Amino acid sequence: MTIPSRTRVAIVGAGPAGLVLSCLLHRAGIDTVVLEARSRAHVAARVRAGVLEQGTVDVLTELGAGARLAREAMRHDGFELRVDGERHRVPVRALTGRPLTFYGQQEVVKDLIELRQATGAPLVFEAPVEEIADPTGEPVVRYRHAGGTGELRCEVVVACDGFHGVGRSTVPAGVLSTVERRFPLAWLGVLAAVAPSSDVAVYAAHQDGFAMLSMRSPRLTRLYVQCRPDDRVEDWPDGRIWAALHRRLATDGWALQEGPIVERSVTPLRAFVAAPMQFGNLYLAGDAAHIVPPPGAKGLNLAVRDVVVLAERLTAALTGRDPAAVDDYTDTCLRHVWRAQQFACWLTRLLHVPPNADPFDRSLQRAELRALLSSHRAVQLLAEQHAGCPPDRAGGAVRTEGAPAA
Ligand code: APR
């Protein structure tokens with residue numbers, strides 16, 4: 001493919017954020033070029049998140065990337081919280097009207113790549129961006145490709161290049177502020193080729209530590225065990241993984257089915273937020289700007305929210321309809337980012353046993369879990385946060401009928 005030397009919006013990264021943004025802008029008639037460091041095969045095979053909020057499903061469907069998702073995704077009415085073997089159902093759909101959709105992030109990415117390629121608009125793999133020059137003027141994106149180097153001139157650059165990309169480091173230190181929390185915890189995640197042993201996802205709070213059973217398809221189970229951030233996958237042979245899972249997920253009258261482990265990785269739990277998400281004509285979206293800890297599965301959904309907000313504003317600005325439309329991009333996103341951060345960090349604290357947790361803290365944590373599960377209102381809030389609010393209500397207060405607006 002010949003790579004143009006000029007476009008209106010250069011998008012760095014073909015993860016969910018970059019791909020959704022490229023499709024939204026293409027639909028609005030705005031030229032974009034997507035540059036992705038890795039190969040198509042690598043991007044499409046990367047096992048990451050897998051729980052989609054209804055707002056994310058709606059965006060994908062509306063874009064035309066929802067057909068396979070509609071056929072193959074698993075829709076659940078809720079999830080189960082298992083506290084030291086005691087089972088509690090959280091009926092998310094009954095409480096919120098929205099189901100939880102299980103569909104692997106790599107499947108979302110495959111569908112979006114197909115959609116983008118069907119438009120004929122440039123999506124270039126194996127084109128790592130090395131520099132974004134002049135972000136406050138007329139940006140130039142410098143990349144490597146096919147043994148050489150290239151330059152792409154544009155009006156706007158959007159860095160959708162994940163946590164380790166070049167976009168965030170292009171913003172000067174005096175402009176960008178970052179806040180971070182590193183938890184003394186990690187998740188060992190495995191993908192097992194076996195039918196899920198439960199019809200809904202299970203979060204288990206156990207005295208040994210957290211464990212989780214989730215699913216990617218009727219034949220693929222996703223399992224997580226709390227481990228230490230410095231653990232390596234080699235520290236966890238199959239026998240140790242299954243023993244920990246059996247113990248932490250155990251409950252009367254239920255058995256965990258084992259199967260061949262086809263993928264495993266260790267993810268340290270961290271929360272990170274960078275702001276502002278705009279510097280001149282450079283924008284940050286998705287993991288490039290923020291990381292939420294995995295409980296609650298908000299990362300992918302947040303990335304989609306960011307680019308929905310950005311696409312709407314860039315469309316208004318680049319078509320001349322409202323040049324100032326982009327000005328509130330950071331503030332709008334930070335509201336939904338912090339809302340997700342609060343939920344994910346709260347769940348992290350509630351469900352894990354930190355190393356060296358003392359008996360007092362353990363008892364407090366159990367008391368909090370039991371108080372939560374005995375309150376209809378608290379369970380309602382848990383269900384709402386889990387299901388995620390629709391994008392147009394992101395971060396906004398719900399107005400009581402007849403009450404004056406604040
Ligand atoms: N040049 C081009 N592409 C790059 C560069 C670069 N210098 N650096 C990184 N990339 C690419 C990566 O290879 C990756 O494909 O950017 C993409 C970033 O994608 P993700 O990491 O998936 O980030 P994002 O699109 O923001 O998706 C949100 O939600 O479930 C969570 O963390 C999970 O990946 C997930 C995320």
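Ligands are counted one by one from 1 in listed order, and the atoms in each one are counted from 1 as well. Treat the numbers as computed from the prediction; the structure is a model and nothing was measured.
- Those atoms of ligand 1 that come under 4.0 Å of a heavy atom in R38, given as number and element, are 13 (O).
- For ligand 1 and P128, the ligand atoms under 4.0 Å from any heavy atom of the residue are 1 (N).
- A37 N, 3.0 Å is the protein heavy atom nearest to atom 3 (N) of ligand 1.
- Residue contacts with ligand 1 include R46, since one or more of its heavy atoms lies under 4.0 Å from the ligand.
- A donor-acceptor distance shorter than 3.5 angstrom exists from the side chain of N301 to the backbone of V51, with no hydrogens or angles considered.
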(request) Please assess V20 against L112 for the test side chain to side chain contact (heavy atoms under 4.5 Å, CB included), listing each intermediate value before the final yes or no. (result) CA-CA 7 Å; V20 169; L112 287 166; 3.6 Å; yes
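- Of the heavy atoms in C160, only backbone atoms (N, CA, C, O) come closer than 4.0 Å to ligand 1.
- Within ligand 1, counting atoms from 1 as listed, the ones closer than 4.0 Å to a heavy atom of G286 are 26 (O).
- Under 4.0 Å from ligand 1, the heavy atoms of R48 that appear belong solely to its side chain.
- Only the side chain of Q105 comes within 4.0 Å of ligand 1, judged by heavy-atom distances.
- Between G162 and ligand 1, a contact under 3.5 Å exists for no N or O pair.
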(request) Show your working on ring-ring contact (aromatic ring centres under 6.0 Å, His included) between H386 and Y203 and close with a plain yes or no. (result) CA-CA 12 Å; H386 213 83; Y203 285 78; 5.6 Å; yes
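- The shortest side-chain heavy-atom distance between F279 and P172 falls under the 4.5 Å cut-off.
- Look at E86 and R370 and you find a salt bridge, because one of the NZ, NE, NH1 or NH2 atoms lies within 4.0 Å of a carboxylate O, short of that distance.
- The nearest heavy-atom contact from the protein to atom 7 (N) of ligand 1 is V129 O, 3.0 Å.
- Using modelled atom types, no side-chain atom of S197 and backbone atom of L256 make a donor-acceptor pair closer than 3.5 Å.
- Taking every heavy atom of G13 and a limit of under 4.0 angstrom, the matching atoms of ligand 1 come to 3 (N), 11 (C), 16 (O), 17 (C).
- From the protein, the heavy atom lying nearest to atom 19 (O) of ligand 1 is G15 CA, 3.4 Å.
- Residue, atom and distance of the protein heavy atom nearest to atom 13 (O) of ligand 1 are E36 OE2, 2.6 Å.
- Residue-ligand proximity, A49 to ligand 1, at heavy-atom distances under 4.0 Å covers atoms 30 (O).
- When only non-hydrogen protein atoms are considered, atom 25 (O) of ligand 1 lies nearest to A17 N, 2.9 Å.
- Both the backbone and the side chain of P16 come within 4.0 Å of ligand 1, counting heavy atoms alone.
- Judged by a 6.0 Å distance limit and a 45° cone about the ring axis, R82 is positioned over the six-membered ring of W254.
- The aromatic rings of H352 and F210 are tilted relative to each other, their planes meeting at an angle between 30° and 60°.
- Ring pair F102/H76: centre-to-centre distance below 6.0 Å.
- Listed by number with element, the atoms of ligand 1 under 4.0 angstrom from any heavy atom of L300 are 29 (O), 30 (O), 31 (C).
- Counting atoms of ligand 1 from 1 in the listed order, those under 4.0 Å from a heavy atom of G299 are 29 (O), 31 (C).
- At a threshold of 4.0 Å, the pair E130-R144 counts as salt-bridged, since one of the basic side-chain nitrogens sits closer than that to a carboxylate oxygen.
- The residues D84 and R366 are annotated as salt-bridged, a charged nitrogen and a carboxylate oxygen being separated by less than 4.0 angstrom.
- Of the protein's heavy atoms, D161 O, 3.1 Å lies nearest to atom 9 (C) of ligand 1.
- Using modelled atom types, one side-chain atom of T170 and one backbone atom of V166 make a donor-acceptor pair closer than 3.5 Å.
- Taking all heavy atoms of D287, V292, V166, D306 into account, the minimum distance to atom 36 (C) of ligand 1 is reached by D287.
- Looking at heavy atoms from C-beta onward, V140 lies in side-chain contact with R142 at the 4.5 angstrom threshold.
- Here L35 has backbone heavy atoms under 4.0 Å from ligand 1, and that is the only part of it that gets that close.
- When only interatomic distances are considered, the shortest N/O to N/O separation between G165 and ligand 1 does not fall below 3.5 Å.
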